[in-house]
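Below: one structure, written as structure tokens.
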Amino acid sequence: MPTTIAEPLDPALLGPDTEVHARSIDRFARAHDASHYLLVPDAVLSPADAEGVARAFDAVRAAGRTLTFRSGGTSLSGQGVSGDILVDTRSHFRDIHVEDDGATVRVGPGATVRQVNTRLARYRRKLGPDPASEIACTIGGVIANNSSGMACGITENSYQTVESLTLVLPSGTILDTGRPDANHILRAAEPEIADGLLALRARLLSSSAHVAFLRQQFSMKNTMGYGLNALLDFDDPVRILEHLVIGSEGTLAFVAEARFRTIEVRPAIATGLLVFETLSAAMAALPELTRLGLATIELMDAASLRVAQGLSDVPAAIAEIDVRGHAALLVEVHAADPGALDAAAGAAQAHFDTLPLTIAPRLTTDATERAALWHVRKGLYTAVAGARPSGTTALLEDIVVPVPRLLATCERLIELFAAHGYEGSVIFGHAKDGNVHFLLNERFDDPDSVARYRRFTDDLVELVLSQQGSLKAEHGTGRIMAPFVRRQYGDELTDLMWELKRLIDPAGILNPGVVLSDDPDSYLHDLKRVPTVEHEVDRCVECGYCEPTCPSKSITLTPRQRIVLRRDMAWAEEQGDTELLRELRRDYDYDGVQTCAVDGMCGVACPVDINTGDLVRRLRAEQSNAVEGAVWGTAAKHWSTVTRAGGVALTVADALPAPLVRGVTQLGRAVLGADTVPLYDAGLPRGGSKPERPTSPPEAEVVFFGACIGTMFGAEDGGHGSRDALHHLLDRAGIVAAIPEENGGLCCGTPWKSKGHLDGYRLMSDRVLESLWEASRHGELPVVCDAASCTEGLDVMLAQSVAKNPRYAGLRIEDATTFVAREVLPRLTVSTRLPSVAVHPTCSTTALGATGALTEIAAAVADDVYVPEGWGCCAFAGDRGMLHPELTASATAQESAEVAAADRERGGFGAFVSANRTCEIGMTRATGRPYRHVIEVLEELTRP
């Protein structure tokens, strides 16, 4: 993995607002994307605005260097990697401005599709492009690749729905194409570009054969080469330039902002699965199905169905198929309202009944059934990529052909898998568009595998072009297909593309080797090697789905970066690069280990079910010393004493001058380390209340497990804590609770597990589960906990212990929010309602599926329930927010800004609520507003 040694960039040209990341850990962390290419940048730049990008262009050009833009990094074709200068466009450029009641939206390239659609949801609008990677892919990438998706086709992609762009041209010219005088500005600043585009358009129009060929190519999804259809569709230079940039993969200009025309959300949806005896039968049915106007028609071939049958929650309709040559189409009907859906679904069902299906077709609107069907379709990637042999790369590729040629193409593609020995490969995708994806596993660390990949690629190119298709449909040309542009378009049209590139980027500074390449073997250069690393994360496909949810993403590393750096360290060790290995290891401790919140949100987002926190916990365990482990082991035996002492210490500290206590803890951190001694500040509460005495009344309906953080940390503003509040609510609802033995000395085990003290964790697990087993009368009563993170900790503890003690499988553990929403709330009367309440969901309520209960309780006490669109894990993470307060400050920055703005708009929220005491402390510290458990507020507002 060599780095480039070249003329350094002039800091004076870059300006003071552009961050320059030159540490090895920064360069290697950002080198990886979801493609099978790896280039390590010489430096990473993070400009703050369009002017900063223009200055970066000047500095790069002056140094004779090149640069590549990088945003989400979900790129599958290698367009987001560079061995020279990488420009990070995700750290900034994240503004979202909804306009015209949602009809339009202005977006920075660093915002993700999901973030934009979340803002638009209240207007029942969304973006047209609907890539499956919407959780992580950014607007910059969507425009750069002209990404589409399952439903948008070629009618609602960026090319069709972008209304204007703010461009930074390689010369440094900044052009807002939405300005009425944009053509005048372009002609004044860039006369060669304005005249050159019109000249190229005239030349293209003079060839009817080329016009006809391009019309055919762009009647399909097509992201191969430059979008020459822009020269046909528009006749003024600005519109031509604007649409050439769409799909140009950062090789022509930088998009600093995009203005989209949004589309209406059709929320009424019915989903069904059509299973055919053969692929041929499925393809024969496709034309009529397309004419029905179905929103999606997703193909799964026989290999896909076999993989789906291996999923743990496969629907019975698929599990029962004796798969031979079968194929299935996953179809959906979308409508604006239930009445329209009934009509559309009825017409579709009538047609389905005429098809030669092996299973009776049925459209369902049930959310659980629909989710199960989509889990099958989306689970294909998880199943195949996650189970690939260690050391291999998962290659997810896409092609498109005219729909009538799809059958022949898929049949031949299956033959190619067999001929080249790619076992277990699957075909799935957007059948109504003639666009299919195929997934295969390959390794690039030996010549034979690379040679096989070359042969397969040659055959694939021949197949697709013989069917009048395009080698790229929605993933972008990138590096993978750049050498084959000439094969697809011919010499004259390819030469015209090169002229476009030289016209707009005459110095060739933008993303060389992407979209166009005259080296026929360039797609075989810089192939990614994937050394085997820790089993917890070895199956990572480097897609980056985890990154937007990570609380440390803006301060140190993301989960993907934590994983790829382990691979880079393994590679450096294999190559004997001791200097690089030493540097990466040195910086990894703080960036990779100490500032990970181990909140599990990455596991929720990961398509191959990786929780990077599992790796971090093990690394912490390996780093912990015997003395520290013994201390925590002793703490596990005397936890009641520890928590009471901690609470007393906080109460004492609260009575002393805050600077004095802070100074003492700073001294302790200097002596014993920042990862050992928490930093006290005045935002911490007093100590909590004493734990309840154990009770086991015969009429008990529930076991109440009071979280130990209620002993450690007192309630906000000296009020009732969640433990007392829940007791009052249970009494008010007439529900009797039992309290387990050793109450106050029990813990969910998270402090031990998160710090890597596994002996103490096992000791605590044994004590807790045995106590709950007895208190619950051997699983007869549910166990309810008043802190969401502790509920999740108990859930994990139970899941890990069942294999050793199967009887514990009978235990039922539930968060207080879900229990109260279901069992208690219907028995209460809210005496006073608040005008508004701000809610902070937590990573634990998300993992537990309890966020809906949290907002349900909030809605019971307030007329307006506000959940910040940019909410995320607060990263307080037990004591992590006290050990590294900078982590919590970074993680909560966006949410706290949204809360402050909403607070001003409403003239002040009536309450700020969450479901976990430490999260409440973190949010109180971040916002300066008093966050409390939602159960505390409910208890106050239901008092007689």
Side-chain angles (χ1 to χ4, degrees), residues 1-11 13-14 18-48 52-53 55-75 77-93 109-110 138 140-141 144 170 249-251 254 478-479 507-514 522 525-529 542 544 547 553 556-558 560-565 567-569 571-572 575 577 579-581 583-584 587-588 591-592:
M1 295 180 286
T3 55
T4 302
I5 299 175
E7 185 74 20
L9 302 182
D10 185 348
L13 290 176
L14 289 174
T18 295
E19 298 174 71
V20 181
H21 308 280
R23 294 187 308 163
S24 291
I25 197 169
D26 297 323
R27 297 185 297 105
F28 278 78
R30 290 167 173 82
H32 296 252
D33 65 5
S35 76
H36 53 289
Y37 295 96
L38 180 59
L39 288 161
V40 180
D42 188 58
V44 179
L45 307 182
S46 295
V53 173
R55 290 192 296 271
F57 287 170
D58 289 341
V60 165
R61 187 167 41 251
R65 308 287 291 271
T66 65
L67 61 80
T68 295
F69 300 113
R70 169 69 175 275
S71 51
T74 59
S75 307
S77 300
Q79 55 268 68
V81 296
S82 171
D84 201 345
I85 304 298
L86 194 68
V87 177
D88 164 32
T89 65
R90 188 174 60 177
S91 297
H92 304 285
F93 301 102
T138 58
E249 303 176 34
T251 63
F254 172 68
R479 299 175 183 277
I509 64 172
L510 299 186
N511 214 0
V514 170
S522 62
H525 299 163
D526 305 305
L527 295 171
K528 182 187 294 180
R529 293 172 173 82
E542 303 183 13
E547 294 190 324
K553 63 181 179 292
T556 51
L557 298 173
T558 68
R560 167 169 61 181
Q561 291 169 347
R562 288 183 168 92
I563 294 170
V564 299
L565 284 166
R567 289 176 172 162
D568 292 332
M569 285 187 275
W571 182 249
Q575 301 304 301
D577 192 340
E579 182 177 350
L580 174 62
L581 182 61
E583 186 179 351
L584 292 177
D587 293 330
Y588 193 83
D591 288 23

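Residues take their numbers from the sequence shown, with the count starting at 1.
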Going by the rule side chain to side chain donor-acceptor pair (under 3.5 Å), which residues pair with Thr251 if we only count those two or more places apart in sequence or in a different chain? Tyr226
Considering residues at least two apart in sequence or located in another chain, which fulfil the side chain to side chain donor-acceptor pair (under 3.5 Å) criterion with Ser24? Arg27, Glu583
Does the side chain of [Y] come within less than 4.5 Å of [X]'s, by heavy atoms?
| X | Y | value |
| --- | --- | --- |
| Glu19 | His92 | yes |
| Val20 | Val44 | no |
| Ser91 | Ser46 | yes |
| Leu580 | Gln575 | no |

Give a yes or no on whether the backbone of [Y] and the side-chain of [X] come within a donor-acceptor separation of less than 3.5 Å.
| X | Y | answer |
| --- | --- | --- |
| Arg55 | Leu14 | yes |
| Arg562 | Leu557 | yes |
| Arg90 | Thr138 | no |

[X]: what forms a side chain to side chain contact (heavy atoms under 4.5 Å, CB included) with it, not counting sequence neighbours?
| X | answer |
| --- | --- |
| Ser35 | Asp33, Tyr37 |
| Ser77 | Gln79, Glu397, Lys472, His475, Ile480 |
| Ala507 | Arg61, Ile509 |
| Ser522 | Pro483, Ser517, Asp519, His525 |

At what distance, to the nearest 0.5 angstrom, does [atom1] of [X] lie from [atom2] of [Y]?
| X | Y | atom1 | atom2 | result |
| --- | --- | --- | --- | --- |
| Asp577 | Met569 | CG | CE | 13.0 Å |
| Leu9 | Asp58 | CG | CG | 11.5 Å |
| Thr68 | Asp88 | OG1 | CG | 13.0 Å |

Give a yes or no on whether a salt bridge exists between Lys553 and Glu547, defined as a side-chain N under 4.0 angstrom from a carboxylate O. no
SB check Asp526 Arg479 (cutoff 4.0 Å): no
Hey, what's the ring geometry for Phe69 with Phe254, parallel, tilted or perpendicular (30° and 60° as the breaks)? tilted
Given Glu542, which of His36, Arg567, Gln561, Arg560 fulfils the side-chain hydrogen bond (donor to acceptor under 3.5 Å, both in side chains) condition? Arg567
